[in-house]
**Student:** 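Below is one structure. I have some questions about it.
Ligands are counted one by one from 1 in listed order, and the atoms in each one are counted from 1 as well.
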Amino acid sequence: MQLLRAVLLLFVLPIHGQDTTSEGIEVLPPLPKGACTGWMAGIPGHPGHNGTPGRDGRDGAPGEKGEKGDPGLVGPKGDTGEIGVTGDEGPRGFPGNPGRKGEPGEGAYVYRSAFSVGLETRVTVPNVPIRFTKIFYNQQNHYDGTTGKFHCNISGLYYFSYHITVYLKDVKVSLFRKDKAVLFTYDQYQEKNVDQASGSVLLHLEVGDQVWLQVYGDGSHNGLYADNVNDSTFTGFLLYHDTN
Ligand SMILES: *[C@@H]1O[C@H](CO)[C@@H](O)[C@H](O)[C@H]1NC(C)=O
Ligand SMILES: *[C@@H]1O[C@H](CO)[C@@H](O)[C@H](O)[C@H]1NC(C)=O
Ligand SMILES: [Ca+2]
């Protein structure tokens, strides 16, 4: 109620035009109090003109710090970096699956060549191939029992050996290849003894080469001997065939 009364008073005061000192409002000289007594009040004057606006007030104190803004947009993709250093070798992997079975090779029989033969009787004829007619092995028939010669049918490296029983006479025996003696063995016979003479050799042969044993010299050293219980043998076989 007091606030309302104060507002009403504010309106009433300018209407009477008394005690107003604001700029722009005409100040009327105060009437003598005693002169108004008993007189009718006059018509209220018009309200004065509005005053000019006042100056701007001072700036207010800075406000509180605002809230943090939203994150900005994602920037463009950067450049590709340099290649890094090669890392350490990893651990050994598990063994792989077994490979497929290989194709069948060439028939091995093609490269088989072997013989082993022996004497059946004493040798009496010198300077001709010694005929070994006791056949232990001659599957491929590369040894010819009618001539006493081995015929090379597969080129390659061959092994030859002979073990001769010597009886009654010395032995001088040679291994021939292509009409030429390449190995010589000499054994002197001891009276009332049975001796042995032997030899072995590796020879490279071409297809068509022939190999045999033969008594060399004047023919008096032909003490090669054999009976049921004393053998003289001649053996040969292909060790490696030529691959080209
Ligand atoms: C030698 O080999 C050929 C084929 O290469 C064959 O025809 C011939 O019978 C062989 N000779 C012997 C004695 O095996
Ligand atoms: C052959 O050897 C046997 C012993 O095994 C011997 O009894 C025989 O007399 C030998 N032959 C010759 C001609 O010496
Ligand atoms: Ca001897």
Side-chain angles (χ1 to χ4, degrees), residues 105-244:
E106 293 176 66
Y109 73 93
V110 173
Y111 302 109
R112 283 181 182 163
S113 182
F115 72 95
S116 190
V117 294
L119 285 179
E120 287 185 287
T121 58
R122 289 186 61 192
V123 170
T124 53
V125 185
N127 300 316
V128 293
I130 299 168
R131 289 178 56 227
F132 294 83
T133 53
K134 187 177 183 178
I135 308 298
F136 296 104
Y137 182 87
N138 193 24
Q139 188 83 48
Q140 297 82 33
N141 276 316
H142 291 171
Y143 171 79
D144 185 351
T146 62
T147 62
K149 290 182 175 181
F150 168 77
H151 295 258
C152 174
N153 209 17
I154 300 163
S155 65
L157 187 65
Y158 285 80
Y159 176 79
F160 295 99
S161 72
Y162 48 86
H163 297 273
I164 305 298
T165 298
V166 180
Y167 186 54
L168 297 177
K169 285 185 179 178
D170 293 351
V171 162
K172 283 185 176 178
V173 70
S174 279
L175 185 137
F176 278 68
R177 176 183 62 181
K178 291 200 290 186
D179 296 324
K180 190 177 180 184
V182 293
L183 192 64
F184 300 87
T185 301
Y186 175 44
D187 181 73
Q188 286 182 301
Y189 172 69
Q190 298 284 307
E191 199 74 29
K192 294 177 181 172
N193 268 316
V194 170
D195 278 356
Q196 267 78 38
S198 64
S200 63
V201 69
L202 284 171
L203 291 176
H204 183 267
L205 302 182
E206 302 291 345
V207 172
D209 286 354
Q210 297 177 351
V211 174
W212 68 91
L213 289 180
Q214 185 172 306
V215 172
Y216 69 91
D218 58 11
S220 60
H221 302 102
N222 60 345
L224 289 86
Y225 177 83
D227 62 27
N228 288 341
V229 287
N230 297 274
D231 278 305
S232 290
T233 62
F234 178 35
T235 296
F237 54 84
L238 174 65
L239 189 60
Y240 306 119
H241 68 81
D242 291 346
T243 52
N244 51 8

**Student:** Do H221 and D187 have a side chain donor and acceptor closer than 3.5 Å?
**Tutor:**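 Looking only at side-chain atoms, D187 and H221 do not form any donor-acceptor pair under 3.5 Å.
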
**Student:** Is the closest side-chain donor-acceptor distance between H142 and S113 under 3.5 Å?
**Tutor:**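 H142 vs S113: donor-acceptor pair found between side chains.
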
**Student:** Return yes if a side-chain donor-acceptor contact under 3.5 Å exists between W212 and Q210, otherwise no.
**Tutor:**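 Side-chain D/A pair, W212 to Q210: absent.
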
**Student:** From D195, does some N, O or S atom reach closer than 3.0 Å to the Ca ion (ligand 3)?
**Tutor:**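 True for D195.
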
**Student:** Salt bridge check: are D231 and K134 linked by an N-O gap of less than 4.0 Å?
**Tutor:**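 Looking at D231 and K134, the cut-off is met.
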
**Student:** Is Q196 close enough that one of its N/O/S atoms sits under 3.0 Å from the Ca ion (ligand 3)?
**Tutor:**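 Here the distance criterion (N, O or S atom, under 3.0 Å) is not met by Q196, so no.
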
**Student:** Angle subtended at the Ca ion (ligand 3) by OD1 of D187 and O of Q188, to 10 degrees?
**Tutor:**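 That angle works out to 110° after rounding to 10°.
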
**Student:** Only heavy atoms of Y167, strictly under 4.0 Å: list the atoms of ligand 2 that pass.
**Tutor:**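 Matching atoms, with element in brackets: 13 (C).
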
**Student:** For atom 14 (O) of ligand 2, find the nearest protein heavy atom and state the residue, atom name and distance (0.1 Å precision).
**Tutor:**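 Minimum-distance protein heavy atom for atom 14 (O) of ligand 2 reads V194 CG2, 3.2 Å.
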
**Student:** Do S116 and T235 have a side chain donor and acceptor closer than 3.5 Å?
**Tutor:**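 Present: a donor and an acceptor within the cut-off.
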
**Student:** Is it the case that more than 12 heavy atoms not belonging to F136 sit under 6.0 Å from its CZ atom?
**Tutor:**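 For F136, atom CZ is crowded (more than 12 foreign heavy atoms under 6.0 Å).
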
**Student:** Taking only heavy atoms of Y225, which atoms of ligand 2 are found under 4.0 Å from at least one of them?
**Tutor:**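 Those of ligand 2 that fall under 4.0 Å from Y225 are 13 (C).
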
**Student:** Can a cation-pi geometry be assigned to K169 and Y189, taking NZ or CZ under 6.0 Å from the six-membered ring centre and within 45° of the ring axis?
**Tutor:**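 No, K169 and Y189 do not form such a contact.
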
**Student:** With atoms numbered from 1 as shown, which atoms in ligand 2 lie under 4.0 angstrom from a non-hydrogen atom of N230?
**Tutor:**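 Heavy-atom distances to N230 below 4.0 Å select 1 (C), 2 (O), 3 (C), 8 (C), 10 (C), 11 (N), 12 (C).
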
**Student:** Counting only heavy atoms on the protein side, is anything nearer than 4.0 Å to atom 9 (O) of ligand 2?
**Tutor:**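 Not a single protein heavy atom is under 4.0 Å away.
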
**Student:** Any protein heavy atom sitting closer than 4.0 Å to atom 1 (C) of ligand 2?
**Tutor:**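 Yes, at least one protein heavy atom sits under 4.0 Å from atom 1 (C) of ligand 2.
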
